[in-house]
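The shown structure was predicted, so the numbers you read here are calculated from the model rather than taken from an experiment. Count residues from 1 along the sequence.
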Amino acid sequence: MLGSALAAPLLAATGCGSADDALTFFFQARPEEARVRLRIIEEFRKRHPDIRIRTIMSGPDPQQQLLTYCAGGKCPDVIMAWELLYAGLAERGVLLDLRSLLEREPGYAETLRRDSYPALYDTFTYAGGQYALPEQWSGVFLYYNRELFAAAGLTPPTRWRDAWSFDEFLDAARTLTRPGRTWGFADAWVPYYSAACFGMNNGAEWFTPSVAPTRTNLGDPRFAAGFQFYADLAVRHGVAPKVSDRLSISAQDLFLGGRAAMVLGGHWLYSEFAGQGIPLDVTVLPVGPHGGPGAITAVGSTGLSIAANSPRIEQAWEFVKFATGPVGQEIVAASGLFVPVLKSAMTSPGFATAHRDVRNLAVFTEGPENSRPFPITPAWGKVSALLERGANRVLRGAAPATSLTPGLTADIDLLLEDR
């Protein structure tokens, strides 16, 4: 899947059928991200020359691919865990509860917890088990064009604790919008995820509790108002492209072309924007009248898991500890492609050097501690399908956010109760 000569020897495998004794590592990545993982593997091999690693690249549906492998008795040993998907795999018995390994090494476990961000670590705690250790954070925030802001006399917040209000954000977006030329705001993420972040920043959780939720809060007036505020940026205020406009040009291209002053997205966009001649910086999401005082963001994290039936659990554990530990995380920090999940790596010189284009570095470094998880439930596939249908009507301006309740709310709560 990768054209890089460096990547080819390790990334050629696409299945789990080999009878060799190599440790198999299943992950999804763009080519440049895969190269970072290859560097981690290379450093690991220097310390553990007796453990060979064979990588397996995920296709577009990693959960189904994993279930197919595991049903055939060929589950990969180490598995990338996605925040929104891992609970279903844990419930099916695919993933090992890492507590059994952590309890054998209490000193390591204590050091890891002390150096970790609770919001990220606890995201992978489900039904009393620890099914992954976090490996990278992405979150969501706002990239902005410094020149366009300076020309408009605007200075956005530099820290999560100093967030701007919905009104201040809207005023800025209006000032920056030039009809037919420049949008004040564009969204490069999943629109209803973004809208949910605005709801959460108006003082309401999306689901309660976030891990193994029993109900959704779509009907909470605070959440609905935040969701509606996001939708109105396009359908009422005209400071952002409408859903139909997004079919012709991406938010990334608008930003790179100087046709969007702000774009919402996660750290995954940094490598696309850095070094492209855009006077780039980052700022935080706005806070509604019922939120705050500081802004929050989505966790947006992946972790590393071990297959419950792996015949190489000990080797897999050594690799997971390495990749999510200080050495692996320093490689992550210096790559500029990910944000590390350990506090010690976040303050490493390599992280600042890799983000030299950014002045408001605290938006990255303080992001994990201001993160809140999206719902962690095995029912997420069915829940998200319902959410997408209902939310899209609001985002197109065909219905208000208050239309999400009671019907949609009741349907989702029923799915959650059936767990």
We want to know whether Q228 and D232 form a side-chain donor-acceptor pair, criterion being a heavy-atom distance below 3.5 angstrom. yes

So does K321 pair up with E318, basic N to acidic O under 4.0 Å? yes

Taking only Lys NZ, Arg NE, NH1 and NH2, and the carboxylate oxygens of Asp or Glu, determine whether R54 and D21 approach each other closer than 4.0 Å. no

Got a second to check how far S250's OG is from L256's CG, nearest 0.5 Å? 8.0 Å

Between CH2 on residue W317 and CG on residue L133, distance to nearest 0.5 Å: 5.0 Å

Less than 4.0 angstrom from a charged side-chain N to a carboxylate O is my criterion; do E33 and R37 meet it? no

Residues F364, F141; criterion ring-ring contact (aromatic ring centres under 6.0 Å, His included); working and verdict: CA-CA 9 Å; F364 291 157; F141 35 83; 5.2 Å; yes

Does the distance from a Lys or Arg side-chain N to an Asp or Glu carboxylate O, for E110 and R113, drop under 4.0 Å? no

Would you list the atom pairs, donor with acceptor, under 3.5 Å between side chains in residues 379-388 and any protein atom, with sequence neighbours excluded?
| unit_1 | atom_1 | unit_2 | atom_2 | d |
| --- | --- | --- | --- | --- |
| S384 | OG | W380 | O | 3.0 |
| S384 | OG | G381 | O | 3.0 |

When you check the side-chain N and O atoms of S301 and E83, is any donor under 3.5 Å from an acceptor? no

Could you point out which residue of R45, R47, R39 forms a salt bridge (Lys or Arg N to Asp or Glu O under 4.0 Å) with E43? R47

Nearest heavy-atom neighbours spanning P368 and L120: CB-CD1, 3.9 Å

Check the surroundings of atom CZ in R356: do more than 12 heavy atoms from other residues, nucleotides or ligands lie under 6.0 Å from it? no

Any donor and acceptor pair, going by atom type alone, linking the side chain of T216 with main-chain N or O of W206 inside 3.5 Å? yes

Angle between ring planes, Y193 versus F374, binned at 30° and 60°: parallel, tilted or perpendicular? perpendicular

What are the two closest non-hydrogen atoms of G128 and D97, and how far apart are they? O-OD2, 4.5 Å

Taking atom CZ of R215 and atom CG of L416, what is their separation to the nearest 0.5 Å? 11.0 Å

So F26 and W82, would you call those rings parallel, tilted or perpendicular, with 30° and 60° as cut-offs? perpendicular

Considering only distance and modelled atom types, tabulate donor-acceptor pairs under 3.5 Å from the side chains of residues 337-347, sequence neighbours left out.
| unit_1 | atom_1 | unit_2 | atom_2 | d |
| --- | --- | --- | --- | --- |
| S344 | OG | D115 | OD2 | 2.6 |
| T347 | OG1 | K343 | O | 3.4 |
| T347 | OG1 | S344 | O | 3.1 |

What pair of heavy atoms forms the shortest contact from L285 to C197, and how long is it? CD1-CB, 4.1 Å

Between Y143 and the options Y270, F149, W189, F273, the ring pair (Phe, Tyr, Trp, His ring centres under 6.0 Å) test singles out F273

For a quick check under 3.5 Å, do R30 and S271 share a side-chain donor-acceptor pair by atom type? yes

Below 30° counts as parallel, above 60° as perpendicular, anything between as tilted: where do the rings of Y126 and Y86 land? perpendicular

What class does the angle between the rings of F166 and F198 fall in, given that below 30° is parallel, 30 to 60° is tilted and above 60° is perpendicular? tilted

Nearest 0.5 angstrom please: Q329 CD to E135 CD, how far? 7.5 Å

Does the N360 side chain pair with the main chain of V282, one donor and one acceptor, at a distance under 3.5 Å? yes

